[in-house]
Protein chains: 2
Amino acid sequence: MYSIGAMSKATGVKVPTIRYYEDIGLLRAPGRNAGNQRRYDPHGMQALGFIKHARDLGFALDDIRALMQLNGDLGTDCVEADRIAASQLLNVQARIARLQQLAAELARISHLCDGGNGGQCRVLTALGDHSQCTGAHD
Amino acid sequence: MYSIGAMSKATGVKVPTIRYYEDIGLLRAPGRNAGNQRRYDPHGMQALGFIKHARDLGFALDDIRALMQLNGDLGTDCVEADRIAASQLLNVQARIARLQQLAAELARISHLCDGGNGGQCRVLTALGDHSQCTGAHD
DNA sequence: GTAATTGCTCTAGTCCCTAGAGGTTCAAGA
DNA sequence: TCTTGAACCTCTAGGGACTAGAGCAATTAC
């Protein structure tokens with residue numbers, strides 16, 4: 001039986017966040033000891049680890065909820081789980097592509113600074129004027 | 001003189017968002033016409049364009065506030081503006097690196113699905129077990 | 001036995017908007 | 001000129017995923 005603090009240390013999820021997950025019904029409420037403190041069993045620990053890992057991979061809490069439900073069902077629906085994972089992969093790839101455009105634009109803008117203060121800062125000018133952009137960043 | 005709707009169309013910032021920017025003091029409150037509706041001048045338009053562009057580049061509103069203040073000062077502080085832009089570039093690059101690790105991990109997990117339902121779904125297993133991960137994604 | 005740590009609940013705040021209610025003003029056509 | 005429909009106004013609340021803090025109770029270590 002683990003206290004909430006032990007769970008937090010073991011998984012890397014902060015204590016208030018664990019309580020939050022319980023509040024929104026993502027993590028089942030565990031039993032309590034005589035002093036009304038949460039006491040988790042290994043199943044609870046595994047569930048929290050699953051959530052943490054999926055969060056680290058960028059899944060939304062609603063996705064995780066769906067994945068956990070699949071996990072709970074007998075005859076686990078592999079096709080659906082794979083669909084969610086694949087969609088998340090696409091999502092992440094799209095975000096990467098977009099960020100790469102932004103990085104290119106920022107690098108360009110950043111290099112405009114000549115260190116001097118001769119009137120107008122070209123970094124600021126570039127930020128104000130989208131038409132100076134080389135790529136279509138948005 | 002532009003109405004708020006004209007500003008929205010010209011810059012791509014939604015009407016409630018423009019009012020929000022005014023609320024938080026990012027965009028100066030414009031004058032009003034006889035019927036209490038906002039009327040913007042070209043300066044206001046330019047300011048909103050600046051905000052939009054900077055937001056598209058991923059700057060936080062607080063950064064934008066700082067940049068606009070620099071822009072307003074005489075003897076515009078190019079060094080400070082460049083510092084903010086460079087820091088934002090680092091930020092974006094770090095996010096890209098992290099997302100690329102996630103994408104690799106997700107691609108690996110996604111390929112575990114063999115389409116069958118032979119007991120346990122390996123996608124779900126992989127999500128639950130961080131130790132299966134190839135790279136240190138977090 | 002006492003002090004420090006950990007735990008409890010509850011409320012409110014973060015960021016950046018978005019949605020909706022309920023009302024007023026404007027612009028264009030008949 | 002009148003009417004209609006779009007655009008505008010203020011205000012409040014919600015969203016996602018937490019985070020922070022107050023004020024108190026329980027546990028743990030010495």
Side-chain angles (χ1 to χ4, degrees), chain A residues 1-27 29-40 44-45 47-48 50-68 84 88 91-92 95 98 102 138, chain B residues 1-27 29-40 44-45 47-48 50-68 88 91-92 95 98-99 102 138:
Chain A
M1 288 302 201
Y2 315 107
S3 71
I4 197 169
M7 292 279 283
S8 175
K9 248 178 220 150
T11 61
V13 179
K14 289 186 188 149
V15 167
T17 305
I18 297 174
R19 287 196 277 251
Y20 169 72
Y21 287 159
E22 183 182 319
D23 275 1
I24 63 171
L26 193 61
L27 193 61
R32 303 285 181 125
N33 73 353
N36 196 35
Q37 300 192 350
R38 289 169 181 81
R39 289 295 177 261
Y40 295 88
M45 177 76 89
L48 186 56
F50 183 96
I51 294 171
K52 173 68 159 83
H53 193 195
R55 280 300 292 146
D56 284 347
L57 290 170
F59 287 88
L61 293 185
D62 273 353
D63 281 340
I64 297 175
R65 205 188 298 269
L67 286 167
M68 289 179 83
I84 295 176
Q88 174 61 11
N91 192 344
V92 168
R95 274 155 69 198
R98 168 141 170 72
L102 299 194
D138 206 32
Chain B
M1 291 302 201
Y2 315 107
S3 71
I4 197 169
M7 292 279 283
S8 174
K9 248 178 218 149
T11 60
V13 180
K14 289 186 188 152
V15 168
T17 305
I18 298 174
R19 287 196 276 250
Y20 169 73
Y21 288 159
E22 183 182 319
D23 275 1
I24 63 171
L26 193 60
L27 193 61
R32 303 285 181 124
N33 73 355
N36 195 36
Q37 299 192 352
R38 290 169 181 80
R39 289 295 176 262
Y40 295 89
M45 177 75 89
L48 186 57
F50 183 96
I51 295 170
K52 173 68 160 84
H53 194 195
R55 281 298 294 147
D56 285 347
L57 290 170
F59 287 88
L61 292 184
D62 272 352
D63 281 340
I64 297 176
R65 206 188 299 268
L67 286 168
M68 290 179 84
Q88 174 62 11
N91 192 342
V92 168
R95 274 154 70 199
R98 169 143 166 71
L99 284 176
L102 299 195
D138 206 35

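In what follows, every chain begins at residue 1, and chains take the letters A, B, ... in the order their sequences are listed. Below, each value reflects all heavy atoms present in this structure, side chains not excepted, and no hydrogens, waters or symmetry copies.
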Can you name the one residue among B/Met7, B/Met1, B/Glu22 that meets side chain to side chain contact (heavy atoms under 4.5 Å, CB included) with B/Arg38? B/Glu22

Please confirm whether the shortest side-chain N or O distance from B/Arg55 to OP1 or OP2 of C/dC17 is below 4.0 Å. yes

Heavy atoms within less than 4.0 Å of DNA chain C: which residues of residues 4-22 of chain B have one? Give them sorted by number. B/Lys14, B/Thr17, B/Tyr20, B/Tyr21

Going 5' to 3' along DNA chain D, which nucleotides are the first and last within contact of chain A (any atom under 4.0 Å from a heavy atom)? D/dA17 to D/dT27

Return the CG to CG distance between A/Leu57 and A/Asp63, rounded to the nearest 0.5 Å. 11.5 Å

Figure out the OH/P separation between A/Tyr2 and C/dT6, and round it to whole Å. 19 Å

How long is the span from the NZ atom in B/Lys9 to the OG atom in B/Ser3, to the nearest 0.5 Å? 8.0 Å

So, for B/Thr11 and B/Met45, which heavy atoms are closest and what is the spacing to 0.1 Å? CG2-SD, 4.0 Å

May I ask you to say what B/Ile24 touches in the nucleic acid, namely base, sugar-phosphate or nothing, with a heavy-atom cut-off under 4.0 Å? nothing

Just the atom pairs and distances: protein N or O near nucleotides 20-27 of chain C's N or O, under 3.5 Å.
unit_1	atom_1	unit_2	atom_2	d
C/dC26	OP1	B/Asn33	ND2	3.2
C/dC26	OP1	B/Gly35	N	3.2

Using modelled atom types only, decide if a donor and an acceptor are shared between the side chain of A/Gln88 and the backbone of A/Gly58 within a distance under 3.5 Å. yes

C/dG7 phosphate, OP1 or OP2, under 4.0 Å from A/Ser3 side-chain N/O: yes

Which value, rounded to the nearest 0.5 Å, describes the distance between A/Leu27 atom CG and A/Thr17 atom OG1? 11.5 Å

Determine whether A/Leu61 and A/Tyr20 make a side-chain contact, defined as any pair of heavy atoms from C-beta on separated by less than 4.5 Å. yes

If you compare all heavy atoms of B/Ile51 against all heavy atoms of B/Met68, which two are closest, and at what distance to 0.1 Å? CG1-SD, 3.7 Å

Between B/Arg19 and B/Asp23, is the closest basic N to carboxylate O distance under 4.0 Å? no

Spatial distance of atom CD (A/Gln37) from atom CD1 (A/Ile4) [nearest 0.5 Å]: 9.5 Å

